[in-house]
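What follows is a single structure, written as structure tokens, with notes after it.
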Amino acid sequence: MTYHPKSDFIAIMMERGFLADCTDYQGLDDAMIAGVVPTYIGYDATAKSLHVGHLLNIMMLRWLQKTGHKPITLMGGGTTKVGDPSFRSDERPLLGPEQIDENIAGMKQVFAKYLTYGEGATDALMLNNAEWLDDLNYLDFLRDIGRHFSVNRMLSFESVKSRLDREQSLSFLEFNYMILQAYDFLELNRRYGCLLQMGGSDQWGNIVNGIDLTRRVLDHEIYGLTSPLLTTSDGRKMGKSQGGAIWLNADMLSPYEFWQFWRNTTDADVGRFLKLYTELPVEECDRLGALEGAEINEAKIRLANEVTALCHGAEAAATAEATARDVFEKGGIGDDLPTLSLTQEDLPISIVQAIVRAGLAKSGKEAKRLIAENGARIDDEPLTDAGLMLDTAALASPVKLSAGRKRHALLQLG
């Protein structure tokens with residue numbers, strides 16, 4: 001794609017690798033030159049925290065605000081009651097209103113670290129689509145909105161087609177989701193002058209639906225822009241680790257473990273991740289990404305520090321780096337390692353159970369395999385006895401457990 005953008009935002013999106021596709025490059029570019037472009041991304045409130053998989057589009061909103069435009073974080077208080085069928089093989093569990101509100105409160109904490117909310121022209125807005133979805137009259141909605149949707153066309157969208165091709169059930173409830181998302185864009189344009197929706201490339205069909213609906217109902221020109229669906233160079237979905245989701249809230253994942261996730265980035269991904277997840281100049285990202293051998297490790301530490309500082313603050317990043325150096329270079333015990341506190345009632349405890357409870361293995365079977373394959377260590381010594389029991393004497397001082405070279409936890413008596 002050889003489009004040469006005039007606006008700072010699109011230039012940054014293209015240069016740093018954020019851009020997969022846009023419904024109208026020229027039209028959006030002109031709108032961004034002409035004035036402030038209110039822009040939204042929607043987030044369903046299915047968990048108490050956002051995770052690393054959301055971080056790419058949070059960074060897009062951050063750059064949008066830095067280049068003089070208005071981010072809108074739309075919480076799906078209404079749509080979460082339905083569930084997004086996009087590229088899922090099953091129906092989402094439905095949540096009650098209290099759980100949804102609790103999840104939204106947790107997610108708000110993350111956004112506040114990346115965006116400035118307020119009343120100003122480019123200050124971010126936090127909205128909830130329950131505002132207009134909760135009180136919809138079904139018959140009015142069918143007459144005014146439903147008539148603009150072709151079922152034939154909806155069946156052709158990849159997210160729906162893939163589900164039907166696998167002969168997996170797609171409920172009418174979920175089928176309505178794309179209509180509701182399109183309606184969100186219409187309402188955001190009507191109420192807040194929103195001109196752009198962004199999302200991952202799997203949202204392309206939903207975004208185009210919203211643009212089409214708004215054009216038909218309000219005769220307004222609006223735009224869509226998508227980011228690539230990221231996988232790591234070894235083919236894994238970005239944000240997934242052996243231990244589960246990499247959450248952005250400190251109470252769900254410690255800043256140290258968050259830092260470690262980035263420190264463990266594959267060599268081939270370092271330059272790309274620096275461009276997407278930090279604000280370092282592109283030339284510096286390219287220079288760091290091209291380093292080899294032992295030097296690439298310093299680039300990974302730089303990546304971990306920059307990303308952790310944005311999410312948890314500079315102090316948390318510095319503490320995580322100091323802990324890591326203490327653990328890996330001096331073989332010591334860092335103050336900030338994930339810690340499992342046991343009571344006297346828990347003792348004696350088998351080493352297999354301790355490894356599982358410390359989060360270093362998902363099951364006893366996995367823990368035993370780790371020991372059998374010489375992947376487990378206790379206080380930096382190889383752990384070979386899967387039948388080892390830890391009693392009060394063994395835990396007189398904290399015990400350090402390790403799985404491989406990079407994952408560690410402390411056991412202590414609480």
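Quick caveat: nothing in here was measured; it's all calculated off a predicted structure.
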Between [Y] and [X], is there a side-chain donor-acceptor contact under 3.5 Å, judged purely by atom types and distance?
X	Y	value
H408	S402	yes
D269	S233	yes
E257	S254	yes
D123	T116	no
Q181	D184	no

For [X], does the [atom1] atom sit with more than 12 other heavy atoms under 6.0 Å from it, leaving out its own atoms?
X	atom1	result
K113	NZ	yes
K6	NZ	yes
E315	CD	no

Next on the checklist: Give me each pair satisfying ring-ring contact (aromatic ring centres under 6.0 Å, His included) with a member in residues 108-130, each pair once, sequence neighbours excluded.
Outcome noted: Y43-F111
Hey, are [X] and [Y] close enough for a salt bridge, meaning a charged N less than 4.0 Å from a carboxylate O?
X	Y	result
D219	R215	no
R191	E187	yes
K66	D8	no
R62	E279	yes
E295	R287	no

Got a donor-acceptor contact below 3.5 angstrom from the [X] side chain to the [Y] backbone?
X	Y	answer
N249	G106	yes
D44	T46	no
N176	F172	yes
K275	V282	no
N128	E131	no
R407	L360	yes
H312	P255	no
H148	I145	no
N209	A182	no
Q197	L225	no

Could you check whether any side-chain heavy atom of [X] comes within less than 4.5 Å of a side-chain heavy atom of [Y], counting everything from C-beta outward?
X	Y	value
M154	M178	yes
Q412	L342	no
T39	M198	yes
R357	D346	yes
Y256	T319	no

Next on the checklist: Apply salt bridge (charged side-chain N to carboxylate O under 4.0 Å, His left out) to residues K300 and E321 and explain how you reach the verdict.
Outcome noted: CA-CA 11 Å; K300 290 178 187 181; E321 183 185 355; over 6 Å; no
Looking at [atom1] of [X] and [atom2] of [Y], how far apart are the two atoms once the value is rounded to the nearest 0.5 Å?
X	Y	atom1	atom2	value
D212	I222	CG	CD1	9.5 Å
L125	L115	CG	CG	11.0 Å
M107	T73	CE	OG1	9.0 Å
M32	L64	CE	CG	5.0 Å
F9	M14	CZ	CE	12.0 Å
D267	N297	CG	CG	7.0 Å

Closest approach of [X] and [Y], non-hydrogen atoms and distance?
X	Y	value
R272	T231	NH2-O, 2.9 Å
I371	A386	CD1-CA, 4.0 Å
P71	T122	CD-O, 3.7 Å
D29	S7	OD1-OG, 2.6 Å
A45	I104	CB-CG1, 3.6 Å
L276	R16	CD2-O, 3.4 Å

Item to check | side-chain contact (heavy atoms from CB on, under 4.5 Å) evaluation trace for I355 with L383 | outcome: CA-CA 11 Å; I355 287 171; L383 174 58; 4.0 Å; yes
Checklist entry - Yes or no on side-chain contact (heavy atoms from CB on, under 4.5 Å) for L133 and Y183, after CA distance, side-chain angles and deciding distance? => result CA-CA 9 Å; L133 294 181; Y183 185 65; 3.7 Å; yes
Next on the checklist: Out of the candidates T266, T232, L56, T278, only one should pair with F273 under the side-chain contact (heavy atoms from CB on, under 4.5 Å) rule; please name it.
Outcome noted: T232
Checklist entry - Picking from L50, V307, L230, what satisfies side-chain contact (heavy atoms from CB on, under 4.5 Å) with L55? => result V307
Checklist entry - Under 30°, 30 to 60°, or over 60°: which ring-plane class applies to Y192 and W132, parallel, tilted or perpendicular? => result tilted
Next on the checklist: Applying salt bridge (Lys or Arg N to Asp or Glu O under 4.0 Å) as the test, list every pair that has at least one member in residues 301-314; sequence neighbours left out.
Outcome noted: E284-R302, R302-E306
Item to check | Ring centre gap for W262 and Y277 strictly below 6.0 Å | outcome: yes
Item to check | side-chain contact (heavy atoms from CB on, under 4.5 Å) between M60 and S227, intermediate numbers included | outcome: CA-CA 9 Å; M60 291 168 78; S227 59; 3.7 Å; yes
Item to check | Pairs where residues 95-104 contributes a residue and the test side chain to side chain donor-acceptor pair (under 3.5 Å) is met, not counting sequence neighbours | outcome: K48-E102, Q99-N103
Next on the checklist: Let's go through F258 and V52 carefully: what are the C-alpha distance in whole Å and the side-chain angles of both, what is the deciding distance for side-chain contact (heavy atoms from CB on, under 4.5 Å) to 0.1 Å, and is it a yes or a no?
Outcome noted: CA-CA 9 Å; F258 182 78; V52 160; 3.9 Å; yes
